[in-house]
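Step one of this worksheet: look at the structure below.
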Amino acid sequence: MARGDLLATGCPSREVLRRVTSSWGVLVLIALETRTRRFSELRRAIGGVSERMLAQTLQQLEGDGFVRRVAYKVVPPHVEYSLTPLGAEVAEKVRGLADWIELNLDRILPHWKDAPVA
């Protein structure tokens with residue numbers, strides 16, 4: 001398949017989009033955008049993510065070819081995560097959306113009922 005079709009029910013591009021644009025997927029991509037990180041560093045950098053959700057998100061993004069996992073055979077175990085070239089491309093795209101949201105939050109929040117103070 002040369003190009004996906006997000007509007008088609010059975011197209012695998014929908015699943016990739018779901019994983020990349022999940023709240024944790026976006027945050028993992030952004031956290032890895034600038035440097036390689038260990039699991040514990042990622043968990044601290046991404047406020048509110050559980051170990052289970054972070055592990056699941058990393059596995060999914062690795063399965064899509066966006067994240068590289070390198071396990072070093074040392075004691076204690078040492079595992080590092082970084083973006084692949086494909087991951088850097090998709091991180092750049094979601095970064096654009098994330099930046100737009102942050103820059104326009106003052107225009108968005110008035111439309112919320114009981115909006116939190118930014």
Side-chain angles (χ1 to χ4, degrees):
M1 177 186 320
R3 180 184 169 105
D5 181 3
L6 287 171
L7 299 180
T9 304
C11 185
S13 61
R14 280 192 181 188
E15 183 62 20
V16 175
L17 180 68
R18 185 187 66 76
R19 289 194 290 255
V20 167
T21 60
S22 73
S23 58
W24 302 125
V26 168
L27 297 175
V28 165
L29 291 168
I30 288 172
L32 290 175
E33 199 175 21
T34 57
R35 64 187 179 98
T36 298
R37 294 180 188 252
R38 293 178 69 174
F39 187 90
S40 57
E41 289 179 278
L42 274 171
R43 186 150 183 248
R44 283 190 301 271
I46 303 169
V49 68
S50 69
E51 282 189 32
R52 181 173 180 248
M53 281 307 305
L54 180 56
Q56 181 180 343
T57 301
L58 286 164
Q59 286 175 342
Q60 290 171 345
L61 294 174
E62 183 183 9
D64 288 333
F66 301 135
V67 169
R68 178 181 303 111
R69 179 185 187 272
V70 177
Y72 297 94
K73 295 184 180 197
V74 295
V75 176
H78 181 97
V79 180
E80 293 182 340
Y81 297 91
S82 60
L83 294 180
T84 65
L86 190 61
E89 285 183 49
V90 75
E92 180 182 345
K93 302 299 183 191
V94 297
R95 165 60 75 188
L97 177 60
D99 286 347
W100 184 89
I101 291 168
E102 288 178 334
L103 290 170
N104 289 281
L105 197 56
D106 61 333
R107 295 171 48 207
I108 298 167
L109 289 181
H111 298 278
W112 288 20
K113 292 182 181 180
D114 303 318
V117 177

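Computed from a predicted model, the values in this text were never measured in an experiment.
- Residues F39 and V79 are not in side-chain contact: their nearest non-hydrogen atoms beyond the backbone lie 4.5 Å or more apart.
- Between the OG atom of S22 and the CD atom of Q56 there is a distance of 9.0 Å, given to the nearest 0.5 Å.
- There is a path of hydrophobic side-chain contacts, each under 4.5 Å, that joins V16 to L86.
- Nearest heavy-atom pair, A91 versus L83, reported as atom, atom and distance to 0.1 Å: CB-CD1, 3.7 Å.
- With hydrophobic clusters built from ILVMFWY side chains whose heavy atoms lie under 4.5 angstrom apart, I108 does not share a cluster with V94.
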Check residues 26-35 and write down every donor-acceptor pair under 3.5 Å in which the side-chain atom is one partner and the other belongs to a residue at least two apart or another chain.
residue : atom : partner : partner atom : Å
E33     : OE1  : R95     : NE           : 2.9
E33     : OE1  : R95     : NH2          : 3.1
R35     : NH1  : E41     : OE2          : 3.1

Determine all donor-acceptor pairs shorter than 3.5 Å in which one atom belongs to a side chain in residues 63-70; sequence neighbours excluded.
residue : atom : partner : partner atom : Å
D64     : OD1  : R19     : NH2          : 2.5
D64     : OD2  : R19     : NE           : 2.8
D64     : OD2  : R19     : NH2          : 3.2
R69     : NE   : Y81     : OH           : 3.4

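- The two residues C11 and G4 have their closest heavy-atom pair at SG-CA, 3.7 Å.
- For the atom pair CD (Q59) and CG (L54), the distance works out to 10.0 Å, reported to the nearest 0.5 Å.
- Distance check, rounded to the nearest 0.5 Å: CZ of R44 to CZ of R37 gives 9.5 Å.
- Residue L17 shares its hydrophobic cluster (ILVMFWY side chains chained together at separations under 4.5 Å) with L6.
- The CZ atom of R14 sits 7.0 Å away from atom CG of L7, with the distance rounded to the nearest 0.5 Å.
- When the side chains of ILVMFWY residues are joined at heavy-atom separations under 4.5 Å, either directly or via intervening members, L109 and L97 end up in a single hydrophobic cluster.
- The distance from atom OG of S50 to atom CZ of R43, rounded to the nearest 0.5 Å, is 7.0 Å.
- When hydrophobic clusters are built by joining Ile, Leu, Val, Met, Phe, Trp and Tyr residues whose side-chain heavy atoms come closer than 4.5 Å, directly or via intermediates, W112 is grouped together with L105.
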